[in-house]
Amino acid sequence: MTEPSKLPHHGVPEHQPAAGGIAARARAAAGPQYLTGLNPEQREAVVSLDGPVLVLAGAGTGKTRVLTTRIAHILSQGRARPHEILSVTFTNKAAREMKLRLGQMLGQAVEGMPWLGTFHSIGGRILRIHAELVQLKSNFTVLDVDDQVRLLKQLLQAENIDDKRWPARMLAGLIDGWKNRGLTPAQVPAGEAAVFGNGKGGKLYASYQERLKILNAADFGDLLLENIRLFREHPDVLRQYQNRFKFILVDEYQDTNVAQYLWLRLLSQAPSRAGVPLSAIIPGATDTAVVAENAASPVIPGHAEGVNTEGRDGEGSSPASGSGPPDHPGMTSPPQAPLKNICCVGDDDQSIYGWRGAEVDNILRFDHDFPGAKVIRLERNYRSTGHILAAASHLIAHNEGRLGKTLRTEDVDGEKVTVTGSWDSEEEARAIGEEIEDLQRSGENLNEIAILVRASFQMREFEDRFVTLGLSYRVIGGPRFYERAEIRDALAYLRVINSPADDLAFERIVNVPKRGLGDATVQMLHDHARKRRIPLFEAARAVVETDELKPKARGSLRELILHFDRWRARREVTSHTELAEIVLDESGYTDMWQKDRSADAAGRLDNLKELVRSMEEFENLQGFLEHISLVMDRDGGPDEEAVSLMTLHSAKGLEFDNVFLPGWEEGLFPSQRTLDEQGRAGLEEERRLAHVGLTRARRRAKLYFATNRRIHGTWSTTIPSRFLDELPSPNVEITESKGGSGWGGSGGYGASRFDNVESFGSSYTTPGWQRAQANRAKNRGGGGQARGGFDEAQSSYGSSRGETGGFARNKRGPMVIEGELVAKSTGTVSEFSLDDRVFHQKFGYGHVVKVDGNKLTIAFEKAGEKKVVDSFVERV
DNA sequence: CGAACCTTTGAGTTA
DNA sequence: CAAAGGTTCG
């Protein structure tokens, strides 16, 4: 199956010379030049072309280099031509990066890599080619979350379901989850489908899919799910792609979900025997096989469970089969047909998308799914200095569900990882701001500085701070360009022009700008459309001919229709960019923002201009709309030097000399919600996220925690993250908060949290934290359930999640926790007495009016009466 | 119909 | 605290 480039019918002549040239060059050299400079493991990963290969590539071990070199190797060996290689990534960024690096390596030949892209873009591409086979037209629209939710809302109304009790957003989430698991409406387990809307969940999913077809639309999940359906229902089409792709490469395999796995599996089977029935796997067998690292095939013979690649009838019946793994319907056993040369690269320690349906299992189970797979570990890290790598490795070693790798570096130890405590999030931002200014003064490039946060709401404080400091920064991955209201409005106009059946788009702009066409009118159009089974736009056209509408509404609706007719006619004779300008102008949309007095109106107009400008890169309107929803991420940013600000999630794959990691507090990081929802697995995923954060740093990693943070607008007291405890003390240094206004306790919190308190000096003696530390150590490793001992720290700590998790709202933990913790842990009476004059960092001067253990009630001169813990005030 | 005002609820990560 | 949803009034 691996015969060299004698490929009869798929010849694409113009690529031939390029590939031939490379091959020639490669032959001329003594050994392929691109292999020099690779370490032995990397080299093996590059040259092991035949059969399935799994490359376990730790952070900073040269993963992208291996992938791109492997492609170069395949091409130069003449094993396949560029269009015969399927190479999938998760993000457009990663795809771009690979194209870039390939280009550098190969010269111009990259142009011929049409199948290098994200799962979604490649899935979408295939789907457009065969759209009619899945009841779509090739100009189908890709809906975003917002459209999805609006559509679902309509369906809920139609079913008379109270959308307060059963929010459309929740249903969207469920459907998304099902699609991620490769489940069509018929395949969703009945019990699960019934959870929503008094048992109507499954029905709603089915009617949602129907509506999508009518609207000629697909959502994100469909780009893959419908692809799988296409392959299952049309084996001839599948075979065509199996034939085409001689090699498959997958980046970030640990992030694949079930649907992506199934998709890869279908494509990775050799074409000759497609259609051979495949047996189902036994659920338990897979897991044990992995844990035991047993390479022997765990397939249990005799369990042909009726899932087959022809798939025609598999849809309805498979969920019923009792022995099928509930989460993996249609999951097939190792196929009997030979497998394509598939190479998956990933790192189980960087799997951070479990909440999005990613199955770490996919990577843990690889050698079962692809028998005979060669597993190659890349463990030499080329990125970080010794202390950073040691800290990250030690931290991640606390996870149990991992394949286990030991990263090593030959770099110097460098600077220790620092941990800094501050009074509140403002001070945290101030401290980081100052450190960045210091770095800048010492000659660091701002582009080499990043702040990585757990949750995006943390970014605001930094932005505020940087604006006052005049420090230039850029937010990476924030609200995407095309998610902005003005962009979506503009796109909606274009969508209606392109696809008159796009009711969602029509509805979005029918009254934007205001035309006096309110709910009543829209409702009427809906009724009409439903009765006659026609799109809203056609309904509108019909309705203006009647006198069902008030004259005013009728007039403006007629005008709108005339506009659209004119625009559609113009489409033939005008360039699409010009058309967009005309549309925005004539519709009154630009006017609307020009009249708007609000602060961001100007920015929105700029964005609209930017949109029109970005359209130039595309052939025509259709082409633009096809790509917009998948590919349009902000880039046009000038390359000015700036600090990067982003979430930990969007930092994956990036690296910086200096990395700041604020907000390492219980509840925020690890996120309470993840802990409540996912328990132990959630904790491990959060820990992997911490590991990702640390390993982004080349030379400096700086961690922070604040004692007070505003959540939902009210201040809460927080405790430092358990992850700080899990760092190895020899590689970590506790520092005083810079720009801290002399708040004495700030360093102390961090200090006592480490195993070896002594080594950090005895000045940190806040009793509560020593206690917490001691108890934590006992509790560690026991998981959320173990809480045998009942000393105060442990019990309050434990009860902040677990069984009370559902009531998190009113039982906001931290305050209480800390109150108890500190109050009970100092057996002694407070050193404060009534009427003492005291100073508090936040509230200023006051006097003690009540003493209760070490909780004081203080009448502050400015802030009024407050209850505070005595360690937070000092006598004056 | 739409602006203005009031109430409620909610801040997790994303192709 | 801020956004989103609901209600009221012109």
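Convention: sequence-line order gives letters A, B, ...; per-chain numbering from 1.
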Subject >> Distance-only donor-acceptor test (3.5 Å): side chain A:Arg356, base B:dT13 >> reply: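 For A:Arg356, whose side chain was compared with the base of B:dT13, there is no donor-acceptor pair (under 3.5 Å).
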Is [X] touching bases, backbone alone, or none of the nucleic acid, heavy atoms closer than 4.0 Å?
{"X": "A:Thr714", "value": "nothing"}
{"X": "A:Glu685", "value": "nothing"}
{"X": "A:Asn511", "value": "sugar-phosphate"}
{"X": "A:Lys514", "value": "sugar-phosphate"}
{"X": "A:Ala520", "value": "sugar-phosphate"}

Original post:
Quick one: is B:dT14 close enough that its OP1 or OP2 comes under 4.0 Å of any side-chain N or O from A:Thr647?
Top reply: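 Affirmative; the distance criterion is met.
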Subject >> Check: A:Arg696 side chain, A:Leu654 main-chain N or O, donor-acceptor pair, under 3.5 Å >> reply: yes
Original post:
Is the side chain of A:Gln260 donor-acceptor paired with the backbone N or O of A:Asn257 at a distance under 3.5 Å, no angle test?
Top reply: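 Checked: pair present.
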**OP:** For A:Glu686 and for A:Val522, find the nucleotide of DNA chain B with the closest heavy atom, then tell me which residue's nucleotide is more 5'.
**Re:**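 Its nearest nucleotide lies further toward 5', so the answer is A:Val522.
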Original post:
What side chain to side chain donor-acceptor pair (under 3.5 Å) pairs are there with at least one residue in residues 153-164 of chain A, not counting sequence neighbours?
Top reply: A:Gln154-A:Glu507, A:Glu159-A:Lys203
side-chain contact (heavy atoms from CB on, under 4.5 Å) involving [X] - partner list, sequence neighbours excluded:
{"X": "A:Asn607", "value": "A:Phe481, A:Arg484, A:Glu486, A:Ile487"}
{"X": "A:Ser556", "value": "A:Arg515, A:Leu517"}
{"X": "A:Asp464", "value": "A:Arg460"}

Could you go through nucleotides 4-6 of chain B and list every protein N or O atom that sits under 3.5 Å from one of its N or O atoms, giving the distance for each pair?
none

Taking N or O atoms only and anything under 3.5 Å, show me the protein contacts with nucleotides 7-10 of chain C, one pair per line.
none

**OP:** Return the value, rounded to whole Å, for the distance between atom CZ of A:Phe457 and atom C1' of B:dT13.
**Re:**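 Computing the A:Phe457:CZ to B:dT13:C1' distance gives 12 Å.
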Subject >> Out of C:dC1, B:dA15, B:dG12, whichever nucleotide has its closest atom nearest the side chain of A:Thr674 >> reply: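 From the listed options, B:dG12 comes nearest.
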Original post:
With respect to A:Arg402, which candidate in A:Asp347, A:Asp348, A:Asp349 satisfies the salt bridge (Lys or Arg N to Asp or Glu O under 4.0 Å) definition?
Top reply: A:Asp349
Original post:
Got a second to check how far A:Arg430's CZ is from A:Arg465's CZ, nearest 0.5 Å?
Top reply: 6.0 Å
